[in-house]
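Presented below is the structure to which this report refers.
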Amino acid sequence: MIEVRDLQKNYNGVTVVNIPSLLVQKGETIGLVGNNGAGKTTFFRMILDLIRPTQGQVFSKGENVRSNEDWKQYTGSHLDEGFLIDFLTPEEYFSFIGKLNGLTSGDVQAFLERFRDFFNGEILEQRKYIRDFSKGNQKKVGVAAAVMSDPELLILDEPFANLDPSSQIRLKNLLKDLKAQGMTMLISSHDLNHVIEVCDRIVLLEKGKVVEDMKTNETTLQQLESYFTV
Amino acid sequence: MIKLLLSHQWKEASRSSVWQKNLAVNLVLGFFMLIMLLYVVLIGFFMNELVQALKPGSNTVEMVNRALLYYFLTDLGLRFFMQELPVLGIQPYLHLPVGKGKLVHFVLWKSITSLFNFLPLLMFIPFAVRMLPEVYGTGGTWMWVLGMFLITLVNNFLTLYFKRQLVEKPLVTVGFLLVVVALATLDYLNFISVGAASGIFFHALGANMGWVAVPLVAFVAIYLLNYRFLIAHTYPEEMRVRKQSSIGESAEIGFLQRFGELGTLIGLELKLIMRHKRSKSTTMLSIVFLAYGFLFYTNKMYTDGFAMLIFPGIFMTGFMMMSYGQFVPGWQSAHFDALLTKRLSPYTFYLGKFWMFVPACAFAYLVTLLYGFMPTIGGKIMAINTACFLYNIGVNTFVVLFMSTYNKKRIDLSKSASFNWQGVGASQFIMMLPTLIIPILIYLPFGLMENPWWGIAAIGLLGVLGFIFHRQLLGVVVKRFQREKYAIAAGFRQS
């Protein structure tokens with residue numbers, strides 16, 4: 001699904017991402033972990049063609065993401081508030097995204113119905129613009145919009161951050177459901193428990209390099225904890 | 001403590017990204033600012049000559065005294081709309097062991113540094129030094145200036161107080177405004193004379209030193225009023241002057257839905273314009289500029305020729321597009337990443353902009369057709385404006401869109417509109433030139449060959465051709481955009 005070749009990004013001579021090769025199979029769910037500054041977000045931005053790599057390429061379904069825009073058709077993503085249109089209400093935002101994806105307003109309604117639990121009554125019919133919501137609720141809007149088009153590939157940057165415990169568990173269940181449907185996922189997180197539960201492969205980044213790439217099993221959490229213990 | 005706070009303020013100003021990145025723009029703006037200040041000083045210095053030119057033989061000092069109260073009322077009105085409240089800056093200090101009283105004093109003193117408070121000094125000190133000593137003597141002159149400055153400060157704090165009350169108790173502010181309007185009406189109907197009162201008071205200020213106590217007491221009173229109000233409201237959510245964000249009509253504009261994806265994009269952009277102060281005032285301003293033509297059309301020197309009519313034609317039918325378009329796509333910098341990753345091609349994105357500009361120009365054009373009612377030159381104006389309109393939608397739209405790919409400066413729409421130079425870069429200045437000059441250059445050879453109407457036709461024809469081939473022209477813009485988008489996105493991400 002995703003293939004990374006010789007990917008590098010330098011800022012003023014400092015290499016922030018350096019991944020010689022990484023292959024993501026269709027249906028795989030990958031958890032990206034690493035401390036602040038490890039290059040997780042920069043890596044995601046290069047997959048989404050938001051940053052020009054210093055060298056190397058990212059291929060999505062065999063096509064360089066920079067050469068055409070077909071990847072937009074099957075990729076859903078939410079990295080930060082920059083992905084939200086903050087002067088719209090959540091309803092308007094969902095209907096905007098729905099229209100870009102060719103959904104009718106009925107489709108959008110049906111989709112939002114599925115998210116009623118996740119939203120916990122705090123998102124819809126609030127008569128507020130997205131900019132006036134809390135960080136946690138903004139994240140819910142962004143994640144829901146990313147999932148809306150039933151994408152084949154889902155990219156989320158720290159989806160668990162800022163969410164309350166119940167919402168974290170709901171999101172975890174949601175992601176597991178999507179995984180069962182065969183959606184390919186790339187998720188970064190600082191919450192080792194959650195990410196191990198959702199993902200079947202963990203990639204550990206340090207200073208832009210992949211230092212660990214493993215299938216999830218019973219000992220993964222221990223391994224990661226020992227890595228992160230100072 | 002105050003010193004430390006001041007040094008933080010200085011750092012905030014000198015380290016703000018807008019200031020550092022736009023050094024060139026700031027220099028240009030600083031230059032204009034200096035010229036403006038120079039004008040103010042000159043007006044003050046030559047006040048006598050100005051008054052004599054307007055009303056020969058009158059007593060200048062008396063005239064100025066009579067006008068001053070009107071001046072201060074106008075000043076108050078202007079401040080009400082334009083002056084910012086320096087309040088939120090203290091938010092990061094509220095949880096620290098600093099006395100609230102100190103912070104409030106700091107905020108209040110900081111508001112004095114507003115340019116509004118120094119303009120009158122620049123104007124009235126030269127006037128006072130030149131004209132007043134012979135009437136009031138040196139002491140009286142300086143008392144007059146001091147009184148003037150104190151009243152300016154009273155205005156400053158009145159604005160702060162009533163602007164804040166607008167949120168807390170709107171009726172107080174409305175009442176205050178009503179009193180001002182009532183005074184103005186009574187004056188207009190000759191029941192009372194603000195001018196006479198003004199004359200008596202300011203004359204007394206110069207003639208008798210004791211009178212300075214009046215503005216002094218007013219100043220202390222309004223300062224204490226502000227202080228007491230603020231100290232009771234040192235909670236960020238209460239200090240913020242912000243209307244309760246009410247959700248307007250969120251129904252989609254049905255008409256736009258018929259145009260599918262394009263309609264959706266234009267609908268989004270219209271919401272952006274309506275829901276932010278800066279974009280709204282930009283659009284409103286361009287409506288005001290539709291009256292620009294009167295400057296040219298009433299002058300026979302211009303209306304006899306053609307070249308000087310092309311200029312207002314382009315300007316009026318295109319100003320709405322240009323004033324908004326010069327910041328495209330910066331308006332959308334806050335959600336630019338979304339536009340790049342959602343299912344939306346850059347071509348559609350730009351096509352949406354194009355189809356937003358065309359109706360904007362068409363609207364402006366239809367309004368300018370009203371100039372056609374002007375006797376004798378009406379027909380000529382209509383013909384030229386038609387050509388200019390066609391040129392705007394066929395050529396200038398693409399110039400504006402092409403220049404938009406040079407916009408890499410973030411615009412934070414949550415910031416207020418007036419005096420906000422965020423997102424202004426060199427490209428805005430450069431862009432205005434070709435949009436206005438090229439049509440005149442096209443006309444010029446025909447004009448020199450004594451075939452002015454052919455020149456006008458050429459301008460219109462180019463516009464029609466550009467409009468027919470808009471897909472190809474948009475392709476060129478999109479190609480450049482594809483190359484530049486990383487740099488644009490990176491620029492928009494930096495706040």
Side-chain angles (χ1 to χ4, degrees), chain A residues 9 11 41-42 44-54 65-93 95-103 105 125-132 142 145-146 148-149 151 155 157, chain B residues 242 244-252 256-257 259-265 267-277 279-280 331-349 352 410 412-414 478 482-490 492-495:
Chain A
K9 180 69 194 176
Y11 284 111
T41 308
T42 311
F44 281 166
R45 287 211 170 121
M46 285 194 282
I47 298 178
L48 292 170
D49 195 29
L50 290 172
I51 290 182
R52 191 202 307 265
T54 312
V65 292
R66 290 186 57 202
S67 62
N68 67 45
E69 309 206 336
D70 292 347
W71 58 270
K72 285 186 185 173
Q73 308 292 326
Y74 55 82
T75 306
S77 55
H78 181 70
L79 300 193
D80 53 32
E81 308 90 72
F83 282 55
L84 298 171
I85 302 179
D86 64 358
F87 57 87
L88 298 180
T89 63
E91 285 90 345
E92 287 171 338
Y93 181 60
S95 103
F96 175 71
I97 300 292
K99 273 180 205 136
L100 288 185
N101 288 305
L103 302 179
S105 58
E125 288 144 29
Q126 297 296 303
R127 300 184 61 75
K128 270 203 295 192
Y129 296 134
I130 291 177
R131 63 178 177 224
D132 298 326
M148 189 157 171
S149 50
I155 299 181
D157 193 12
Chain B
R242 192 165 130 196
Q244 201 62 41
S245 66
S246 58
I247 301 296
E249 199 49 54
S250 64
E252 301 291 333
L256 284 171
Q257 298 308 305
F259 299 97
E261 204 176 11
L262 278 182
T264 314
L265 282 176
L268 176 73
E269 195 118 14
L270 290 180
K271 281 193 197 113
L272 185 148
I273 297 175
M274 313 263 272
R275 289 179 187 180
H276 296 102
K277 209 170 149 195
S279 47
K280 215 162 43 182
W331 297 114
Q332 291 169 300
S333 44
H335 59 271
F336 197 64
D337 281 349
L339 296 174
L340 288 181
T341 51
K342 300 299 177 203
R343 196 184 284 188
L344 172 71
S345 78
Y347 180 77
T348 324
F349 177 72
R410 183 188 174 88
D412 191 350
L413 281 171
S414 55
V478 169
Q482 294 281 38
R483 271 206 315 276
E484 293 295 318
K485 67 177 177 189
Y486 306 102
I488 299 175
F492 286 176
R493 260 179 235 129
Q494 309 179 328
S495 44

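So that the names make sense, note that chain A is the first sequence line, chain B the second, and so on, each numbered from 1.
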What distance do [X] atom [atom1] and [Y] atom [atom2] have between them, rounded to the nearest 0.5 Å?
| X | Y | atom1 | atom2 | answer |
| --- | --- | --- | --- | --- |
| Thr341(B) | Ile155(A) | OG1 | CD1 | 9.5 Å |
| Lys99(A) | Leu265(B) | NZ | CG | 10.5 Å |
| Gln482(B) | Asp49(A) | CD | CG | 8.0 Å |
| Phe87(A) | Leu268(B) | CZ | CG | 4.5 Å |

Heavy-atom distance under 4.5 Å to chain B: side chain of [X], backbone, both or neither?
| X | value |
| --- | --- |
| Glu69(A) | side chain |
| Leu84(A) | backbone |
| Glu81(A) | backbone |

Looking at [X] and [Y], what are the two nearest heavy atoms and their distance?
| X | Y | result |
| --- | --- | --- |
| Phe83(A) | Asp337(B) | CE1-CB, 3.5 Å |
| Ile51(A) | Tyr486(B) | C-CD2, 3.4 Å |
| Lys342(B) | Leu100(A) | CB-CD1, 3.9 Å |
| Arg275(B) | Leu88(A) | NH1-CA, 3.7 Å |
| Phe96(A) | Thr264(B) | CD1-CG2, 3.5 Å |

(request) May I ask you to decide if Leu340(B)'s main-chain N or O and Lys72(A)'s side chain share a donor-acceptor pair within less than 3.5 Å? (result)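 Between the backbone of Leu340(B) and the side chain of Lys72(A) there is a qualifying donor-acceptor contact (under 3.5 Å).
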(message) Under a 3.5 Å distance rule, please check whether Arg52(A) uses its side chain to pair with a backbone N or O of Ala487(B) as donor and acceptor.
(response)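 Not confirmed, Arg52(A) side chain does not pair with Ala487(B) backbone.
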(request) Determine whether Arg343(B) and Gln73(A) make a side-chain contact, defined as any pair of heavy atoms from C-beta on separated by less than 4.5 Å. (result)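 Yes, side chains in contact.
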(request) Would you mind reporting whether Phe336(B) and Leu50(A) have side-chain heavy atoms less than 4.5 Å apart? (result)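 Heavy-atom side-chain distance check fails, nothing below 4.5 Å.
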(message) Counting only non-hydrogen atoms closer than 4.5 Å, does Gln332(B) touch chain A with its backbone (N, CA, C, O), its side chain (CB onward), both, or neither?
(response)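 Neither part.
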(message) Need one label for Ala490(B): side chain, backbone, both or neither, based on atoms under 4.5 Å from any heavy atom in chain A.
(response)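 Looking at Ala490(B), nothing touches chain A.
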(request) With a 4.5 Å cut-off on heavy-atom pairs, point out which of His78(A), Glu91(A), Arg45(A) contacts chain B the most. (result)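 Of the candidates given, the most pairs with chain B belong to Arg45(A).
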(message) Go through it in stages, so that I can follow the logic: the residues are Ile85(A) and Lys271(B), the test is side-chain contact (heavy atoms from CB on, under 4.5 Å), and I'd like the CA-CA distance, side-chain angles, deciding distance and then a yes or no.
(response) CA-CA 11 Å; Ile85(A) 302 179; Lys271(B) 281 193 197 113; over 6 Å; no
